[in-house]
There are 2 protein chains.
Amino acid sequence: MESQDLRKAGLKVTLPRVKVLEILEKTKQRHMSAEDVYKALLESGEEIGLATVYRVLTQFEDAGLVSRLSIDGGHAVFELEDGSHHDHLLCVKCNRIEEFVDEVIEQRQKAIALEKGFDMTDHSLYIYGICRHCQ
Amino acid sequence: MESQDLRKAGLKVTLPRVKVLEILEKTKQRHMSAEDVYKALLESGEEIGLATVYRVLTQFEDAGLVSRLSIDGGHAVFELEDGSHHDHLLCVKCNRIEEFVDEVIEQRQKAIALEKGFDMTDHSLYIYGICRHCQ
DNA sequence: AATATAAATGAAAACCTTTCTCATTTACAG
DNA sequence: CTGTAAATGAGAAAGGTTTTCATTTATATT
């Protein structure tokens, strides 16, 4: 029941918000740009403006419902937040995105921040390469 | 003697290229956006177009004279290449940028790419936080 | 159920960084 | 010194994202 998630997040239950959340949950492709979400909405017969899609995704990010990936150069990509922190591998040929978790890297990052006197708030790690399929 | 560096890189020695290189070498701030470089040029009395600054920086990147950092969301930042690979720590308050190298992380990244069947071409790692000065 | 009101939306314009176009200028090989 | 390919400047265009503002909608209140 998406409307509960929205209410919990302090957001009014509006048609655009419900439909964007549905798209994110139902689409097989886990990583979607605002444009991807917008097109999926059109295909499912919903006439929701692109500006609203951007607004809703940003609100979802603020509410912790989705994460935004800021990939090298291009546009932002969103993924449903499932509580599990992870980093990403990106195929530079087909744009496939894979996820990974590495505790060693997580620990080293914390240690480095500490060494440098930084109070770490976040980090972003992307490994770029050519995936199995594209080699 | 910058003109030698340019010639070695296979670039004609033109005023804009010499001046951009000078700015990158003389400015205390190691990390500069295209706009920063453009403004510095104006301040030093050079009338070089912004489009040229972008072109020159991209050529320098291709030639290996500078590296381009693609920081979260915003604009690109350039730094003179000194041959040493390193990653970055960014202060989310004052935008200070610090550098670090960590062999453990480097190795783990390679291992993860291998595991996932990726032929790694590059990676980007940024640690965000609040620096000593801003805490 | 009707209403008031603060919030959300759509459409288009604005924004920002970066790239492109094209006429003009420049570097440098011959 | 001259010819030619390459580089430049100015402005337009591109591409993703945000803002503006009039209109619509959700929901708290009668």
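Below, read A as the first sequence line, B as the second, and so on, with proteins coming before strands; counting in each chain starts at 1.
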Against the side chain of B:Thr58, the closest entry in D:dT19, C:dT19, D:dG16 is C:dT19
Between [N] atom [atom2] and [X] atom [atom1], what is the distance in whole Å?
{"X": "A:Arg68", "N": "D:dG16", "atom1": "CZ", "atom2": "C1'", "answer": "11 Å"}
{"X": "B:Phe60", "N": "D:dA7", "atom1": "CZ", "atom2": "P", "answer": "12 Å"}
{"X": "B:Leu50", "N": "C:dT21", "atom1": "CG", "atom2": "P", "answer": "18 Å"}
{"X": "B:Ile48", "N": "C:dT24", "atom1": "CD1", "atom2": "P", "answer": "21 Å"}
{"X": "A:Glu46", "N": "C:dT9", "atom1": "CD", "atom2": "C1'", "answer": "14 Å"}
{"X": "A:Leu69", "N": "D:dG16", "atom1": "CG", "atom2": "C1'", "answer": "16 Å"}
{"X": "B:Arg55", "N": "C:dC20", "atom1": "CZ", "atom2": "C1'", "answer": "9 Å"}
{"X": "B:Leu6", "N": "D:dT8", "atom1": "CG", "atom2": "P", "answer": "10 Å"}

Taking B:Tyr126 as the starting point, is it possible to reach A:Ile112 by hopping between hydrophobic residues whose side chains are less than 4.5 Å apart?
no
Would you say the rings of B:His88 and A:His123 are close, in the sense that their centroids are separated by under 6.0 Å?
no
Looking only at side-chain N and O atoms, does A:Arg7 come under 4.0 Å of OP1 or OP2 in D:dT27?
yes
Considering just the side-chain nitrogens and oxygens of A:Tyr54, establish if one lies under 4.0 Å of OP1 or OP2 belonging to D:dT18.
no
Non-hydrogen side-chain atoms of B:Thr52 and B:Arg55 separated by less than 4.5 Å
yes
Could you check whether any side-chain heavy atom of B:Leu80 comes within less than 4.5 Å of a side-chain heavy atom of B:Glu25, counting everything from C-beta outward?
yes
Using a strict heavy-atom distance below 4.0 Å, which residues from residues 9-35 of chain A are in contact with DNA chain C?
A:Lys12, A:Thr14, A:Pro16, A:Arg17
With B:Asp102, the salt bridge (charged side-chain N to carboxylate O under 4.0 Å, His left out) member among A:Arg108, A:Lys116, A:Lys110
A:Arg108
Determine whether a donor-acceptor pair (N or O, by modelled atom type, separation under 3.5 Å) exists between the side chain of B:Arg17 and the backbone of B:Lys12.
yes
For B:Glu47, look at atom CD and say whether over 12 heavy atoms of other residues, nucleotides or ligands are found less than 6.0 Å away.
no
Near A:Gln29 CD, under 6.0 Å, is it more than 12 heavy atoms from other residues, nucleotides or ligands?
yes
Going by atom types only, do A:Glu99 and A:His85 share a side-chain donor-acceptor pair under 3.5 Å?
no
Report for the helix from C:dA1-D:dT30 to C:dG30-D:dC1: angle between first-end and last-end helix axes, five pairs each, rounded to 10 degrees.
20°
